[in-house]
Every structure is written in C-alpha cells, then in structure tokens.
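Below is one structure, written out as structure tokens; comments come after it.
Residue numbers start from 1 in every chain, and the chains themselves are labelled A, B, ... in the order their sequence lines are given, proteins ahead of strands.
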Number of protein chains: 2
Amino acid sequence: MHEEVLERIRERRWKPGDAIPREDELAREFGCARGTVNRALRALAEAGILDRRRRAGTRVALHPGGKATLDIPIIRREVEARGQTYSYALKIREDAVPPSAIREAMGLRRDDPTQRVLSVHSADGRPLAIEDRWINLAIVPMAAKADFTRISANEWLVTHASYTHGDIAFSAQAASDAEAALLHIDPCVPVFVIDRTTWYKADAVTTVRLTYAPGYRIHTRL
Amino acid sequence: MHEEVLERIRERRWKPGDAIPREDELAREFGCARGTVNRALRALAEAGILDRRRRAGTRVALHPGGKATLDIPIIRREVEARGQTYSYALKIREDAVPPSAIREAMGLRRDDPTQRVLSVHSADGRPLAIEDRWINLAIVPMAAKADFTRISANEWLVTHASYTHGDIAFSAQAASDAEAALLHIDPCVPVFVIDRTTWYKADAVTTVRLTYAPGYRIHTRL
DNA sequence: TAGTGGTCTAGACCACCGT
DNA sequence: CGGTGGTCTAGACCACTAG
C-alpha cells in the first residue's frame with residue numbers, strides 16, 4: 001500500500017501538486033480497510049511526500065522529500081562505530097558566570113548557578129571534537145556531583161537529564177586560537193560546528209558547542 | 001496517550017533502559033484499545049524515544065531523542081521566507097564529461113551523457129550559495145530542454161524528477177579561488193557545504209554541491 | 001515455542017475547513 | 001454546511017525472536 005502509492009508518485013503517474021483519490025476510494029481499489037490506507041498515507045505525509053488537509057484532500061507535495069533525518073550520536077559511539085579507539089579529556093570544569101551571549105541564549109540571570117565543562121574527544125589519539133558546554137545546575141543539580149573525568153558531560157546528560165524541546169544549528173566557522181590549539185590545527189582553518197541548546201519546559205538545561213576537527217562531515221541517507 | 005508516555009519518560013518515572021508495560025497492559029491502564037497504544041508507542045519509537053522488539057518488549061531508548069529532522073528547502077523559498085528578494089544567475093551550462101571523482105560517485109561511464117549546471121543564488125543581491133550540479137541526462141532527458149536561466153536546476157529537478165533514495169553530507173570547507181570569486185569573498189574563508197546525490201533505482205539522477213556564503217547555518221528544532 | 005509487537009478489519013464518530 | 005481526513009474501537013491473525 002505504502003509502497004504502491006510511492007511507486008505511482010515515482011513513476012510520475014501522480015505528479016507534484018496532483019490530487020490523489022480519497023481514502024475510501026483507495027481502500028476499495030486496493031481491497032483493504034480505510035484504516036490501512038490512512039496509516040500508509042499518513043506515513044507518507046510525515047515524510048513530506050504528501051500534503052493532506054481535511055476537506056481539501058490529499059495531494060502530492062510540491063517539493064517531495066524535502067526532509068532529512070540526522071542521527072545525533074554520542075561522540076564515543078560514533079568513534080567506536082568506525083572501529084577507532086575513543087579517548088576523552090576534561091580540560092576545564094568550573095562554576096562560573098556564562099558570557100552574556102550564552103546567558104541570553106539560555107534565558108539565565110547572572111546569579112543562576114551554572115557550570116562550564118570543556119573537554120576534548122579524540123579518535124585514535126587525535127583530537128576529533130571540542131565539547132564546550134554550560135549546564136544549568138538549577139535544573140540538573142546532580143550534574144554538580146557527576147564525574148566528568150570518566151564520562152563526558154555529553155553522555156552523562158543524555159542518560160541523566162530529560163528535555164522537552166531544543167534547537168540545533170550546524171555551521172562552518174574559522175577555528176579560534178584556543179580551538180586550534182586544542183585540535184592541533186592552525187587558527188582560521190575551517191571547522192564544522194554544532195550548537196545545541198535543550199530545554200525542560202521553560203528552563204534551559206544545557207547549551208553546547210561541538211567544534212569538530214577538519215574533515216568532519218555529517219552524512220545521512222535520504 | 002502519546003503525551004502521557006512522554007511525560008513519564010521526561011519525569012524519569014521511566015528511565016533510559018527501563019522496560020515499560022506491554023501494549024495490552026497500557027491499554028487497560030489507560031482504558032483504551034490496544035491499537036491506540038500501538039500507534040502512540042510506534043510514533044515514539046520512530047522518534048527514537050523508545051526501543052521496541054517483538055518478544056523482548058518496549059524499553060526507553062538508551063540515548064533518547066538522538067535524531068533531528070532537517071528541512072532541505074528550495075533555496076528560493078528559504079530566501080523568500082526570510083523576507084529577502086531572491087535572484088538567480090546561471091553561470092555555466094555545458095554537456096561535458098564529469099571529473100572522475102564525480103563519475104565515480106554517480107557510477108557513470110565516460111560516455112554517459114551528462115550536463116553540468118553551475119549557478120549562483122542570491123538574497124537581496126548578495127550571493128548566498130553556489131549550486132554546482134551534474135545531471136545524468138540518460139535518466140532525466142527532459143533536463144536538456146529545461147530553461148535553467150529562469151528556474152534553477154534545483155527547483156526544476158524537484159518538481160520534474162523523482163528519486164528512490166539518495167545521500168546528503170554537510171561539511172565545512174575552505175572556499176576555493178573560483179568559489180570565493182562567485183561569492184565575493186576571500187579564498188580560504190570557511191564555507192558551509194552540502195553535497196547531495198540522488199538515485200532512481202540503480203541509476204544516479206544528479207549530484208550537487210551547494211556552497212554557502214559565510215554566516216550560513218542550518219537550524220532546526222528538536 | 002510461547003509471548004511480544006506488527007498489522008489488518010469493519011465500523012463509528014468527530015474535527016476541521018473549503019465552499 | 002458537507003465532505004474530508006483524524007482518530008478510536010474490539011477483535012483477529014501473523015511474524016519475529018528471545019529464552
């Protein structure tokens with residue numbers, strides 16, 4: 001069902017913008033229950049292949065497939081999955097007042113308790129990524145007692161803190177002097193950067209910048 | 001249902017690694033049909049929040065929420081959505097033999113008909129992205145007749161060609177001399193790069209490199 | 001092999017939103 | 001307003017796989 005509809009779209013029998021038959025018509029045509037048709041079409045709509053609206057019916061999306069789902073893996077697992085040996089070094093851990101840009105992004109006041117954790121993840125002994133993180137201790141007080149010399153803040157938070165929503169951004173940056181030193185590269189070299197902030201209801205949980213060594217790419221299938 | 005399960009995970013009543021009750025038990029607890037439970041749990045599993053296996057039951061994922069879905073928008077729409085004026089310039093269009101790296105990535109022979117289309121997308125008159133594309137004319141012969149001076153190859157292909165699968169990669173690169181000239185920036189400046197190749201069954205449809213002007217970021221919510 | 005999720009059915013009522 | 005998708009039910013059988 002799902003596959004048959006996809007096939008008709010790919011064969012261009014149903015083209016972008018076209019309306020396709022109603023659920024009950026398709027159910028008769030395929031000789032199945034409407035619920036089955038509904039499930040198949042809803043899945044295709046979630047994938048961005050179809051546009052569905054009550055009363056207006058179902059149409060092939062104008063720009064089908066304009067979505068990609070990325071895995072955001074734990075760095076350790078990513079390294080180990082490539083068969084490399086992972087290592088990790090904690091560089092800075094301090095209770096400190098974040099710079100105003102961070103405070104603003106997290107919606108924090110100057111007197112909110114925050115902890116900064118800066119560490120380097122390495123693959124086969126070579127620096128792979130810098131993790132520069134600020135944790136809101138008011139929301140995750142347990143983090144103050146966690147042993148970030150053994151497990152990365154990245155990994156600790158994934159299993160010990162929950163979030164309701166967040167945002168993530170990918171960009172290209174020139175390595176700063178400090179970043180270059182940690183990654184053993186020259187300053188101003190292009191590096192791939194991921195900025196992520198997560199929230200629990202109205203409160204920021206943590207914000208992190210991951211700065212990857214040159215050559216890093218995020219890859220996914222469509 | 002969906003929300004209630006999410007809430008229990010976020011409250012850490014069900015923690016990563018924990019097994020949660022069977023579908024029929026939850027159905028009794030919530031006073032609904034098993035089908036309803038199944039739909040809710042299946043949705044959470046697709047989102048990476050739950051791990052489900054027949055016979056083994058349902059568990060909270062060890063690394064919940066390790067997925068992000070990105071919109072891969074048409075550049076024109078992306079610009080217009082920001083309220084900027086979009087413009088587009090075709091720079092190169094030629095039937096040519098792709099370099100061996102491209103041929104290899106697309107699985108083409110030297111005598112397969114291919115067309116190169118290189119263009120620049122601009123926002124408010126400022127170059128935003130270079131689109132450097134190779135099209136497999138054996139699979140999309142209509143592309144030879146398309147008017148790429150008016151509509152970008154990007155946009156034309158989305159509505160006139162289908163694909164069964166593809167892959168996409170994001171990386172940070174140093175701008176080459178040619179790219180720097182087209183984007184009106186200095187060489188070696190960090191630029192965000194998207195490489196994408198799409199396939200129809202066993203044949204490559206097109207491969208494209210989008211090179212974005214400095215400052216570009218991809219952003220999404222989690 | 002037994003227990004779990006995966007999928008389907010036939011029917012029902014509801015919510016939304018173009019016309 | 002009416003027609004469409006959205007969601008639910010109660011039941012059934014199947015497919016997979018852990019023990």
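- Atom CD of B:E11 has more than 12 heavy atoms from other residues, nucleotides or ligands within 6.0 Å.
- The aromatic rings of B:Y86 and B:H121 sit tilted relative to each other, their planes meeting at an angle between 30° and 60°.
- Summarising the geometry, the separation between CG on A:N38 and C1' on D:dG3 is reported as 15 Å, rounded to the nearest angstrom.
- Rounded to an integer number of Å, the gap from CZ of B:R52 to P of C:dG3 is 18 Å.
- Direction of the helix axis in the helix from C:dT1-D:dA18 to C:dG18-D:dC1 shifts by 20° between the two five-pair termini, rounded to 10°.
- Look at CG on B:D51: it is 17 Å from P on C:dT4, rounded to the nearest Å.
- As a whole-Å value, the separation of A:R39 CZ from D:dC8 P is 14 Å.
- One finds a salt bridge joining A:R52 and A:E23 here, because a Lys/Arg side-chain nitrogen approaches an Asp/Glu carboxylate oxygen to under 4.0 Å.
- Checked against A:E29 for a salt bridge (charged side-chain N to carboxylate O under 4.0 Å, His left out), the options A:R8, A:R22, A:R34 give a single hit: A:R8.
- Looking at B:R34, its side chain comes within 3.5 Å of the base of C:dT7 through a donor and an acceptor atom.
- Protein atom CZ of A:R59 is 11 Å distant from nucleotide atom P of D:dG5, rounded to whole Å.
- For D:dA18, its base never sits under 3.5 Å from the side chain of B:R53 at any donor and acceptor pair.
- Residue contacts shown for A:G35 are absent, as no nucleic acid heavy atom lies under 4.0 Å away.
- Ion pairing of A:R93 with A:E131 is absent here, as no side-chain N (NZ or NE/NH1/NH2) approaches a carboxylate O to less than 4.0 Å.
- Using the six-membered ring where Trp is involved, A:W199 and A:H165 have ring planes that are parallel, under 30° apart on the 30 and 60° scheme.
- Heavy-atom minimum distance, B:N136 versus B:A204: ND2-O, 2.9 Å.
- B:M1 places its CE atom 11 Å from the P atom of D:dT9, with the value rounded to the nearest Å.
- Here the nucleotide nearest the side chain of B:R54, chosen from C:dT4, C:dT19, D:dG5, is C:dT4.
- Residue B:D24 is out of contact with every strand shown, counting any heavy-atom pair closer than 4.0 Å.
- Residue contacts for A:A56: at a heavy-atom cut-off of 4.0 Å it reaches no nucleic acid atom on any strand shown.
- Distance, B:E23 CD to D:dA10 P: 16 Å, rounded to whole Å.
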